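Everything quoted here is computed from the prediction, not taken from an experiment. We name chains A, B, ... by the order of the sequence lines, and we start the count at 1 in each one.
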Amino acid sequence: MSKSNFFEKVYEIVEQIPSGEVYTYGQIAMMLGNPRAARIVGYAMSSAPRERNLPCHRVVYQDGRLAPGGIFGGKENQRRLLEEEGITFLNNGRIDMDEHGW
DNA sequence: CGAATGACAATCT
DNA sequence: TAGATTGCCATTC
């Protein structure tokens with residue numbers, strides 16, 4: 001398979017993210033044993049096939065910000081998805097990591 | 001095999 | 001405080 005175990009592992013973790021909670025790229029990277037591979041997690045997401053049905057919208061920045069626009073058809077769309085999942089947003093447009101952040 | 005890339009994160013200005 | 005820069009590391013060319 002073209003995808004290495006690293007990507008597979010990322011997909012597995014993202015797939016296991018419970019509804020109503022959000023993970024950060026750094027957290028996922030830490031689970032993989034590479035706390036500095038946050039970029040790799042993001043890279044895996046960019047290459048993540050939709051057949052996987054990955055809730056990548058639950059993966060956000062360490063600051064609680066959403067991924068750059070153009071990913072889910074607009075970050076506004078992603079924000080609405082998270083709100084439906086039960087994620088609470090702050091007035092500054094960031095996710096309440098103190099509540100959902102691990 | 002070597003260089004470039006990137007959905008991050010921390011640090012510096 | 002906000003914006004710009006550097007470091008990191010697996011994948012891709």
Asks: May I have the distance from A:Ile71 (atom CD1) to B:dG6 (atom P), rounded to whole angstrom?
Replies: 12 Å
Asks: How do A:Tyr43 and A:Arg39 order along DNA chain C: which one's closest nucleotide is nearer the 5' end?
Replies: A:Arg39
Asks: A quick test of your reading: do over 12 heavy atoms of other residues, nucleotides or ligands sit less than 6.0 Å from CG of A:Asp98?
Replies: no
Asks: Measure CZ/A:Phe7 against P/C:dT11 and give the value in whole Å, please.
Replies: 6 Å
Asks: With respect to the phosphate group of B:dC8, does any side-chain polar atom (N or O) of A:Tyr61 fall under 4.0 Å of OP1 or OP2?
Replies: yes
Asks: Pick out which of A:Glu83, A:His100, A:Glu99 makes a side-chain hydrogen bond (donor to acceptor under 3.5 Å, both in side chains) with A:Thr88.
Replies: A:His100
Asks: Less than 4.0 angstrom between a side-chain N/O of A:Ser4 and OP1 or OP2 of C:dA10, yes or no?
Replies: no
Asks: If I take atom CE in residue A:Met31 and atom C1' in nucleotide C:dA10, what distance separates them, rounded to the nearest angstrom?
Replies: 19 Å
Asks: May I have the distance from A:Ile13 (atom CD1) to B:dC8 (atom C1'), rounded to whole angstrom?
Replies: 16 Å
Asks: How would you label the contact of A:Ala38 with the nucleic acid (heavy atoms, under 4.0 Å): base, sugar-phosphate, or nothing?
Replies: sugar-phosphate
Asks: How long is the line joining CD of A:Glu8 and C1' of C:dA10, in whole Å?
Replies: 14 Å
Asks: Measure the distance from CZ on A:Arg94 to P on C:dA2 and round it to the nearest whole Å.
Replies: 7 Å
Asks: Quiz question: going by heavy-atom distance under 3.5 Å, is there a donor-acceptor pair between the base of C:dC8 and the side chain of A:Arg36?
Replies: no
Asks: Are any side-chain N or O atoms of A:Asp96 and backbone N or O atoms of A:Leu90, one a donor and one an acceptor, separated by less than 3.5 Å?
Replies: no
Asks: Find the distance A:Arg65:CZ to B:dA9:P and express it as a whole number of Å.
Replies: 12 Å
Asks: Contact class for A:Tyr25 (heavy atom, under 4.0 Å): base, sugar-phosphate, or nothing?
Replies: base
Asks: Rounded to whole Å, how long is the line connecting atom CD of A:Gln62 with atom P of C:dC8?
Replies: 18 Å
Asks: Do the side chain of A:Gln78 and the main chain of A:His57 share a donor and acceptor less than 3.5 angstrom apart?
Replies: yes
Asks: Taking A:Asn34 for the side chain and A:Arg36 for the main chain, is one N or O donor matched with an acceptor at less than 3.5 Å?
Replies: no
